[in-house]
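Take a look at the structure below.
Note that the structure is a prediction, hence the values are computed from the model and not measured. Start at 1 and go down the list; that is how both ligands and their atoms are numbered.
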Amino acid sequence: MPDSFHVPTRDLTLPSDQDASGRTLGEEEMALVAEAIRSGVLTSTKGRMVKGLETRFAELVGSRHAHACASGSAAIHTAIAAIDPEPGDEIVTTPITDMGALTPILYQGAIPVFADVDPRTGNVTAATVEQALSDRTRAIVVTHLFGCPAEIGPIMALAQRRGVPVIEDCAQAFLSTVGVRHVGTIGTIGCFSLQQGKHITTGEGGLVVTDDPDLARRMYLFINKGWGYGDPKPDHYFIALNYRMSELQGAVALAQLDKLGDGVARRRAMAERLDDAIADLPGLGTPRSPIGATHSYWKYPLIVDPETVRGGPVALGGGLKDWSVASAPRYIQKPAFECAVIREQRTFGRSRFPFSLARPEAVDYAPARFPGAYRFLERVLVLPWNERYEPRHVDHIAAAVRAKHAELAGGLVHG
Ligand SMILES: Cc1ncc(COP(=O)(O)O)c(C=O)c1O
């Protein structure tokens, strides 16, 4: 425990990313929004905010191209559409993710095929992805859950051997790194979300990045109804939506971008403080980044061993409420394939398309095939985290965890 550990009080209110207390929205955002309004141009097809955001984000993460769009789900949809699967093609992905990362696969007529995850991190691995590949695999989506980078190196090696593009879902992983590279720039396409609770926010919003000029062009077109703005003879070249980000959101995002580096540094520093404060508690851990990688702590997940901590994450999370510390046992509660849309194949009318085209094995969700996912959900307790946390907040969380752990793991900790 650090020397400067604060005396705990039970009623401290933690900053929340659901309101101003845990966000960095301020004068800078207001000034740029005012500038956008004064300009009278609120669409990105004519304005400068979204274009500025795209240029600066590409520079920041080290990618040749970036395009902004309406949400993280739109970003994933844009990436899948750029890869342009044939109906019934398979996209290997994770069952531990937001539904917004999965329904775009179905909208593009492809089948999500689930790879199991490492129960210590909730991330897919090269070994689990390999088991899910088939000769119909058209892309692999790798999610860096909670900001902890997946083992992208071995996954890239596998994908390259099989000639399959990789989409990195970085909705939760702004500025996480693997070696010298930011996540999102290692795979073929990177996708980000600017939703209310993400590292930076415009309320809703998304970004895609790639080094590939053809994919960048297809993504730009997909966000813009397939219309070739600026071409000598523009047309609607293919089926696509209006997924544009408005200039108002672009203005907020531009200002937020200046705050991202400090925000991530703050999240890391506070996470290290919590690591140190609870390191001695048996039966508790947190996902560690692979060697040479850095975590950006969208959330701080605890992995709770129910054999040591009685009642596991549910009991610990319940106990933390007494200290006004919110937490989410089981994260998304169940693997995504147990949700009605996938399990009951509720898609377009009664067609079940594209599931109607699936190999039986691709839609076999027998629990025995996903031991890592079930084990992870049984053990994970997600603590909210944000860049406004100060040492006193983290010390409060640590005190709460220590007190409840003492009750639930009784007799195992001394001193
Ligand atoms: C891993 C992941 N992918 C995709 C999304 C979808 O992003 P959005 O909510 O901005 O549509 C989220 C959002 O929570 C997410 O966490």
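Look at D231 and R217 and you find a salt bridge, because one of the NZ, NE, NH1 or NH2 atoms lies within 4.0 Å of a carboxylate O, short of that distance.
By the 6.0 Å and 45° rule, R369 does not stack over the aromatic ring of F114.
For ligand 1, the protein residues placed under 4.0 Å by at least one non-hydrogen atom are S71, G72, S73, T97, D98, A101, T143, D169, A171, Q172, S193, Q195, K198.
We find the CD1-CD1 distance between I155 and I186 to be 10.5 Å, quoted to the nearest 0.5 Å. Expressed to the nearest 0.5 Å, how far NZ of K51 lies from NZ of K46 amounts to 8.5 Å.
Each of E29, H199, E387 was checked for a side-chain hydrogen bond (donor to acceptor under 3.5 Å, both in side chains) with K259, and the lone residue meeting it is E29.
Closest approach of G184 and F192 over heavy atoms only: CA-CZ, 4.3 Å.
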